[in-house]
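The block underneath contains the structure these notes are about, expressed in structure tokens.
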Amino acid sequence: MDGKMMAIMKAKPAYGAELVEVDIPKPGPGEVLIKVLATTICGTDLHIYEWNEWAQSRIKPPQIMGHEVAGEVVEVGPGVDDLHVGDYISAETHIVCGKCYQCRTGNYHVCQNTKIFGVDMDGVFAEYAIVPAQNAWKNPKGMPPEYASLQEPLGNAVDTVLAGPIAGKSTLITGAGPLGLLGIAVAKASGAYPVIVSEPSEFRRKLAEKVGADYIINPFEEDVVKEVRDITDGNGVDVFLEFSGAPKALEQGLQAVTPGGRVSLLGLFPRDVTIDFNNLIIFKALEVHGITGRHLWNTWYTVSRLIQSGRLNLEPVLTHRYKGFDRFEEAFELMRAGKTGKVVFFPHRS
Ligand code: NAD
Ligand code: ZN
């Protein structure tokens, strides 16, 4: 397909990004070109926008940003036989090698040679984008594109929440940012009760309530451990899900989880965190999971079906919808200020 398109470009190694007109890319061997119907902003995109230390070490501008996406295949590159023009797809954003020890033992989510769209190559904050066919995920026709785009971060939330039994389990979720909010939706849909959420931001506590949290705590004003014990008849929660990356939340959660309970950690902490391992993990016989990315492809099946079941309360999580990219700077600044859940762009106005 020839022509021009608008794209949000990390143009320079500095704060911010630019809305630019560029050529519509051509799909190479094993790739497809999609018309982007919806694309959502991830915390990683914000790091790239802010040009933090991680972004400086990893990103090579100029590069189109973005990786969470839903779109329609409009052109198929050579050698692609399982995707066709008109297919409605989302994309797993981790491109795995299929050859390393982890891939060959089924642990694709920890592939040693992972590459990521919008990080290691051009991304999807554009009217059209290239997707490697091996990373395409076919969506059912009726799924709204903004939900289809959310499947990628929902995969993180599903892997965190469903890393162990959850139905009928008392659960503490620390952090109700975009991912924690998705975690609340998954926990509620999966039968966790009560779902207790700790979140300092008033704006996000309100979102947590709308998504369906049963109890909500402000960790800066209340004693999280005492509140959790009061709610759980003194036992503490069965499951602690960490979505904040705040060392204090980790400590409080480890104190609030019942001995023998389960801990799944998604939030990324500063490098050095001090924890009383003996008393908070070992003597409590906790089951602790590190969560990274999404299991390929089982998590995608779970996510797709959970959306199709109609049980996931995603509407309150999608706080900002933009037609076109014109107001992208406003979107990023609102996200930086913590005044959003998930933000979605519909690149084509009609
Ligand atoms: P975010 O920064 O938007 O949300 C974090 C939330 O935690 C905020 O709402 C913040 O107010 C809250 N918070 C801060 N201090 C707290 C405390 N003491 N107690 C409870 N809550 C507190 O981030 P996000 O985009 O929702 O992502 C959540 C975390 O997941 C981040 O740490 C991110 O880096 C991490 N992450 C991990 C992976 C992975 O594969 N492991 C993937 C994506 C994101
Ligand atoms: Zn690999």
Side-chain angles (χ1 to χ4, degrees), residues 40-47 50 52 54-55 67-68 92-116 119 134 150 152-160 163 172-185 196-208 211 213 216-225 227-228 240-256 264-270 273 289-296 299 317 319 332 334-343:
T40 35
I41 306 182
C42 168
T44 305
D45 303 316
L46 190 59
H47 295 325
E50 293 173 329
N52 74 358
W54 166 83
H67 56 268
E68 299 172 8
E92 165 56 46
T93 55
H94 291 192
I95 303 170
V96 298
C97 76
K99 292 178 182 159
C100 71
Y101 180 74
Q102 277 65 29
C103 286
R104 296 194 69 179
T105 51
N107 290 311
Y108 298 99
H109 62 300
V110 280
C111 166
Q112 293 176 30
N113 305 306
T114 304
K115 292 203 178 86
I116 308 177
V119 171
Q134 72 172 58
L150 275 188
E152 198 258 18
L154 262 170
N156 297 116
V158 160
D159 269 7
T160 313
L172 170 66
I173 291 183
T174 51
L179 284 172
L181 291 166
L182 293 174
I184 298 167
I196 306 166
V197 174
S198 170
E199 164 61 57
S201 145
E202 188 186 355
F203 175 81
R204 287 183 163 165
R205 283 201 303 277
K206 287 206 174 109
L207 291 180
V211 178
I216 300 166
I217 302 168
N218 178 350
F220 291 179
E221 287 181 3
E222 294 163 278
D223 181 337
V224 175
V225 181
E227 295 295 323
V228 168
F240 162 40
L241 308 173
E242 209 307 298
F243 282 92
S244 76
K248 193 80 196 150
L250 174 65
E251 188 173 0
Q252 289 168 339
L254 290 173
Q255 285 170 343
S264 298
L265 306 173
L266 181 85
L268 298 175
F269 300 100
V273 178
H289 304 259
I291 307 290
T292 188
R294 297 148 296 280
H295 283 78
L296 306 184
T299 303
V317 184
T319 52
F332 276 100
L334 281 170
M335 215 174 143
R336 275 195 85 202
K339 296 282 182 224
T340 65
K342 288 297 285 188
V343 176

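Order of appearance sets the numbers: ligands from 1, and atoms from 1 within every ligand.
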Quick one: list whatever passes side-chain contact (heavy atoms from CB on, under 4.5 Å) with Asn218, sequence neighbours left out. Pro200, Arg205, Phe220, Glu221, Glu222
Atoms named by residue and atom, protein N, O or S, within reach of the Zn ion (ligand 2) (under 2.8 Å):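 Only Cys97 SG, Cys100 SG, Cys103 SG, Cys111 SG fall inside 2.8 Å of the Zn ion (ligand 2).
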Are [X] and [Y] side-chain neighbours, meaning at least one heavy-atom pair lies under 4.5 Å?
{"X": "Pro153", "Y": "Lys342", "answer": "yes"}
{"X": "His94", "Y": "His109", "answer": "no"}
{"X": "Arg204", "Y": "Pro178", "answer": "yes"}
{"X": "Ile291", "Y": "Phe243", "answer": "no"}

Do you know the tightest heavy-atom contact between Phe240 and Leu250? CE2-O, 3.8 Å
So, taking the atom named CD1 in Ile173 and the one named CG in Leu241, what distance separates them when rounded to the nearest 0.5 Å?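 So the CD1 of Ile173 and the CG of Leu241 are separated by 5.0 Å.
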Can you sort out the partners of Gln112 under side chain to side chain donor-acceptor pair (under 3.5 Å), two or more places apart, ordered by chain and number? Gln102
Check: every ligand 1 N/O to protein N/O pair under 3.5 Å:
| from | atom 1 | to | atom 2 | distance (Å) |
| --- | --- | --- | --- | --- |
| ligand 1 | 3 (O) | Arg204 | NH1 | 3.3 |
| ligand 1 | 9 (O) | Glu199 | OE1 | 2.7 |
| ligand 1 | 9 (O) | Glu199 | OE2 | 3.2 |
| ligand 1 | 9 (O) | Arg204 | NH1 | 3.0 |
| ligand 1 | 11 (O) | Glu199 | OE2 | 2.6 |
| ligand 1 | 21 (N) | Gly175 | N | 3.4 |
| ligand 1 | 26 (O) | Pro178 | N | 3.2 |
| ligand 1 | 26 (O) | Leu179 | N | 3.0 |
| ligand 1 | 32 (O) | Leu268 | N | 3.0 |
| ligand 1 | 40 (O) | Gly293 | N | 3.1 |
| ligand 1 | 41 (N) | Leu266 | O | 3.1 |
| ligand 1 | 41 (N) | Ile291 | O | 2.8 |

Going by the side-chain contact (heavy atoms from CB on, under 4.5 Å) test, name the single residue among Thr174, Val224, Val228 that passes it with Gln252.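 Filter result, single survivor: Val224.
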